[in-house]
Each structure stands twice: as structure tokens, then as C-alpha cells.
Amino acid sequence: MHADEVHVWYGAPSSIRSPEALAACHAVLSPDERTRYAAFLRDGDGRAFLAARSMLRFALSGLVPGVPPHTWVFVRGPHGRPEIGAPATGLRFNVSHTAGLVALVVARELDCGIDVERARRATDTASLAGRALAPREAARLAAAPREQHGELFLRHWTLKEAYTKALGAGTLIPFGRIGFETGARGPRLDPAMHADGADWQFAQWSPAVGPAGEEFLLSLALRRRDRRELRIVRHSGWPTCPAPTGGERCEDASPGAVPQG
């Protein structure tokens, strides 16, 4: 994996259907993850957790083939952000999931954050805008046609989620103190509010998932190295995992080939 390359995977938990795929995903969980998985009362919540944890483990082992998926160790940062504890690879990651979709970003020694939401979910923009949007963002929302309010608000919200996750700050930074511009040049930090905006690269797209083509909104935040443009490689589906050295077989939990786009 090149230092200026970032990989993003996204897929529907419901696509892991066969007993073989479910067993392969369950087999790579740590003992603690298996306990957490067993504690979910609703099947949908448990399936999302299983999908997120197995996607992460298979993706990391796909990038570092000598490390079997079940051997990755994760720790929590100062504000609760999950990080790789072992082995030492320099890889950083972030995971997000909403009902119907799991998304993952992996980078090398770069701060990264990802957020995903349903594109057409019901949002009370009137009550949220006052505390979640910066003044210039709120003004743009107020000037937009009412039928566009939900989409415009969600674009800002997911960018802020991705950005604060990349910073590892959790909820410590009020969203109203973060400003974005989302024009034709693509999303970027508002230069009037952020002097370090050029250090960051953002991406946003709307993947369609499942037989019905349900749309989601995915936002990505990346702190660039020396302000160099990063190449974003997108994978729609579950990561494949090559067999590691030493004779141990690594099962592939993907329901099919993983196209890139």
C-alpha cells in the first residue's frame, strides 16, 4: 500500500448471507468481539457489528498478507478512537455504519475519518441547524430551496463527523465551530474558519447498495502529508483476504468479487 494511497470499502451487512460467509466472519473475531456480538438482542445490530469487525480484519490482512485476520489487536486512543495495537504496521483506520451499510477507510500513517448515513433519512434540520452548522453554513441552508435542506444539511453533518473522527476528538469539538464549503470545487474546510484547511482532503459520494439501489451518503476526511493529493481507491463489497504464509488458510468472507470504482 503506497503512502499516498487510501483504501475505502463499503458494503451491506445483509450481503453476508451464506452459512459459510457468516462462519468465516465469526471465526476472525477476538474473544471480546465474540462476547459483544453474542450480547446483541436484535439480529440487525449484531449483523452490523459482525460486518464491521470482519470487514476491518479482512481488509487489514489483505493489505498486510502475512498477518491472519484474527491476530490483529486493537486498542483505544485517548478519546476512545480505535487504533491498531499490534502488529506495528503504520496503518490507520476508521469505521462507520448505519442501517444497511458499513464503511471503512484505511491509510498509512495518516489521520483519516469516515462517516456514512442514509441519503434520504428524515432529518429535523430546523432544530439541528442552530447547533450543528457554522453561521455561513446556516445562511446557505436558509437560502436553499426547502426541498434541498435535508440533503444539504446531511452533506455538512457527515463531513463534520468524518473530520472530528479523523482528529480523534470525538464530540469534544462543537460542530458549530467547524465550517465547510461544498461547492463545485468539492468539499473543503472554510478558509475563513480554518487556517490549516489546505492540510486536509475531503471526498463525498453517494453509493447505491443492494438490489433496490438504496442510496447512502459517504464522507471522507484525510489529513494530507505535505499537502500532497491522495489517491482514493474505492472497493464496493467485502475485502478479499489472501492466504497468509505459514500454511494457515484465510477464508474469504466476500459474497463475490470485489470491483473497484
Side-chain angles (χ1 to χ4, degrees), residues 3-6 8 10 77-81 92-96 98 103 105-207 215-232 234:
D4 290 335
E5 187 175 84
V6 175
V8 176
Y10 52 89
H79 302 296
R81 175 191 168 101
R92 305 284 302 280
F93 71 88
N94 194 234
V95 179
S96 178
T98 188
V105 57
V106 181
R108 185 174 295 281
E109 297 179 346
L110 294 175
D111 293 332
C112 56
I114 195 167
D115 188 58
V116 62
E117 300 287 351
R118 287 178 176 269
R120 307 187 190 284
R121 76 171 194 178
T123 305
D124 186 0
T125 58
S127 62
L128 292 174
R131 62 181 177 85
L133 297 183
R136 283 158 60 96
E137 294 173 331
R140 287 195 297 270
L141 182 72
R146 182 168 295 277
E147 63 269 18
Q148 296 178 11
H149 282 197
E151 179 185 354
L152 186 58
F153 177 84
L154 198 59
R155 287 191 175 278
H156 286 86
W157 178 273
T158 55
L159 286 167
K160 292 172 192 241
E161 285 277 5
Y163 176 60
T164 55
K165 290 172 74 177
L167 290 171
T171 59
L172 296 179
I173 305 177
F175 277 9
R177 297 181 184 176
I178 304 169
F180 277 94
E181 295 182 345
T182 58
R185 298 173 58 184
R188 63 173 185 153
L189 287 168
D190 186 339
M193 297 181 65
H194 303 275
D196 66 340
D199 295 335
W200 290 85
Q201 180 175 332
F202 298 91
Q204 196 170 58
W205 66 92
S206 300
E215 290 189 1
F216 295 82
L217 182 62
L218 187 153
S219 291
L220 188 64
L222 307 164
R223 194 198 296 267
R224 299 191 288 197
R225 185 181 291 105
D226 300 323
R227 299 185 175 180
R228 296 199 300 267
E229 192 74 10
L230 298 166
R231 176 174 179 257
I232 300 171
R234 296 184 292 177

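In this chain, numbering begins with 1 at the start of the sequence shown. Since the structure is predicted, the reported quantities are computational estimates derived from the model, not experimental observations.
In this structure, Leu222 CG and Asp111 CG are separated by 9.5 Å, a value rounded to the nearest 0.5 Å. Rounding to the nearest 0.5 Å gives a distance of 5.0 Å between CD1 of Ile232 and CG of Leu220. Going from atom CZ of Arg92 over to atom CD of Glu109 covers 9.5 Å, rounded to the nearest 0.5 Å. Separating the CZ atom in Arg140 from the CG atom in Leu152 is a distance of 7.5 Å, to the nearest 0.5 Å. Atom CZ of Phe180 sits about 4.5 Å away from atom CG of Leu189, to the nearest 0.5 Å. Atoms CD1 and CG, from Ile178 and Asp190 in turn, are 12.0 Å apart once rounded to the nearest 0.5 Å.
Listed by first and then second residue, the salt bridge (Lys or Arg N to Asp or Glu O under 4.0 Å) pairs that reach into residues 159-175 are Glu137-Lys160, sequence neighbours excluded. Listed by first and then second residue, the salt bridge (Lys or Arg N to Asp or Glu O under 4.0 Å) pairs that reach into residues 168-179 come to none, sequence neighbours excluded.
Taking all atoms of both residues into account, the shortest heavy-atom contact from Ala221 to Phe202 is CB-CE2, 3.5 Å. Contact between Thr158 and Ser219 at its shortest, heavy atoms only, is OG1-OG, 2.7 Å. Contact between Ser96 and Val116 at its shortest, heavy atoms only, is OG-N, 3.1 Å. Closest approach of Pro135 to Gly176, counting heavy atoms only: CD-O, 4.5 Å. Minimum heavy-atom separation, Leu218 to Ala103: CD1-CB, 3.9 Å. Taking each heavy atom of Gly179 and Met193 in turn, the nearest pair found is CA-SD, 3.6 Å.
Scanning for side-chain hydrogen bond (donor to acceptor under 3.5 Å, both in side chains) contacts around Arg155 gives Glu151, Gln204, with sequence neighbours left out. Legend: residues meeting ring-ring contact (aromatic ring centres under 6.0 Å, His included) with Phe216, ordered by chain and number and at least two apart, are absent. Residues meeting the salt bridge (Lys or Arg N to Asp or Glu O under 4.0 Å) test with Arg81, sequence neighbours left out: Glu83. With sequence neighbours left out, Trp157 forms a ring-ring contact (aromatic ring centres under 6.0 Å, His included) with Phe153, Phe175. With sequence neighbours excluded, the residues forming a side-chain hydrogen bond (donor to acceptor under 3.5 Å, both in side chains) with Glu5 are His7, Arg231, listed by chain and number. Here Asp4 pairs with Arg225, Arg228 under the salt bridge (Lys or Arg N to Asp or Glu O under 4.0 Å) rule; sequence neighbours left out. With sequence neighbours excluded, the residues satisfying salt bridge (Lys or Arg N to Asp or Glu O under 4.0 Å) with Glu229 are Arg224. For Asp196, there are no salt bridge (Lys or Arg N to Asp or Glu O under 4.0 Å) partners two or more places apart in sequence or in a different chain. Listed by chain and residue number, Arg121 satisfy the side-chain hydrogen bond (donor to acceptor under 3.5 Å, both in side chains) test with Glu117 (two or more places apart in sequence, or in another chain).
Among Val106, Leu230, Val105, the single residue meeting the side-chain contact (heavy atoms from CB on, under 4.5 Å) criterion with Cys112 is Val105.
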Quick one: side chains of residues 142-149, donor-acceptor pairs under 3.5 Å with protein atoms, not counting sequence neighbours, listed by atom name and distance.
unit_1 : atom_1 : unit_2 : atom_2 : d
His149 : NE2    : Leu141 : O      : 2.8
His149 : NE2    : Ala144 : O      : 3.0

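Side chain of Asn94 to main chain of Ile114: a donor-acceptor pair is present (N/O by atom type, distance under 3.5 Å, no hydrogens or angles).
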Could you go through Trp200 and His194, starting from their C-alpha distance and side-chain angles, then the distance that decides it, and tell me whether this counts as side chain to side chain contact (heavy atoms under 4.5 Å, CB included)? CA-CA 10 Å; Trp200 290 85; His194 303 275; over 6 Å; no
